[in-house]
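Here is the structure we will look at.
Chain identifiers are assigned alphabetically (A, B, ...) following the order of the sequence lines, protein sequences preceding nucleic acid strands; residue numbering begins at 1 within each chain.
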Amino acid sequence: MAYWLMKSEPDVYSIDDLARDGTTCWDGVRNFQARNHMKTMKVGDEVLYYHSRQTPPAVVGRARVVREAYPDHTQFDASSKYHDPRASADAPRWFMVDIEFVEKFERPVPLPELKTVPALADMVLLNNARLSVQPVRPEEWRAVLDRAR
DNA sequence: GCCAACGTTGGC
DNA sequence: GCCAACGTTGGC
């Protein structure tokens, strides 16, 4: 089983939205690296849910992969801001997974705190600020969870 | 709201 | 295939 971190802007889709919905499809990813990470996800993989663009940004909960990569429908929708004219049903360019809500942390772990943890020094989040879907090492996952409780 | 960092596009 | 220009992300 693998571990991941997925970012969302809370005013677009927050952990509370996910808790309410139960499951959601992770549409709108338009970055090749992030897409490729989603293509390698397996059912049961663990996800850290991160809120970006809030003060401070923080890991706020957990989710789990419940459906593996399939074409992101918004790429075919001309009225969507995620529409991609280069994509076709035969040759989709963008994929998404479904995730389900697992837990909202009583104690979110803010970014400034993550930066102080030696075990997290190599975490992708702290070294490639732009990537919205990223792998997490098992020991990093453990270290984050330890601080959320 | 600013702006640095970085990914993508497209001209050559 | 290089790289400048451009657009977007996301911390502050």
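With rounding to the nearest 0.5 Å, the separation of CG in A:N31 from CH2 in A:W94 is 7.0 Å. In this structure, CG in A:L120 is found 9.5 Å from CD in A:E139, a value given to the nearest 0.5 Å. Atoms CG and CH2, from A:L48 and A:W4 in turn, are 12.0 Å apart once rounded to the nearest 0.5 Å. Once rounded to the nearest 0.5 Å, the distance linking CD1 of A:I15 with OG of A:S8 reads 9.0 Å.
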Report, one pair per line, the protein and nucleotides 7-9 of chain B atoms (nitrogen or oxygen only) whose separation is under 3.5 Å.
unit_1 : atom_1 : unit_2 : atom_2 : d
B:dT8  : OP1    : A:F32  : N      : 3.2
B:dT9  : OP1    : A:R86  : NH1    : 3.1
B:dT9  : OP1    : A:R86  : NH2    : 2.8

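B:dC6 atom P lies 11 Å from atom NZ of A:K7, rounded to whole Å. We find that CG of A:L126 is positioned 15 Å from C1' of B:dA5, with the value rounded to whole Å.
A ring-centre distance under 6.0 Å is not found for A:Y82 and A:W26.
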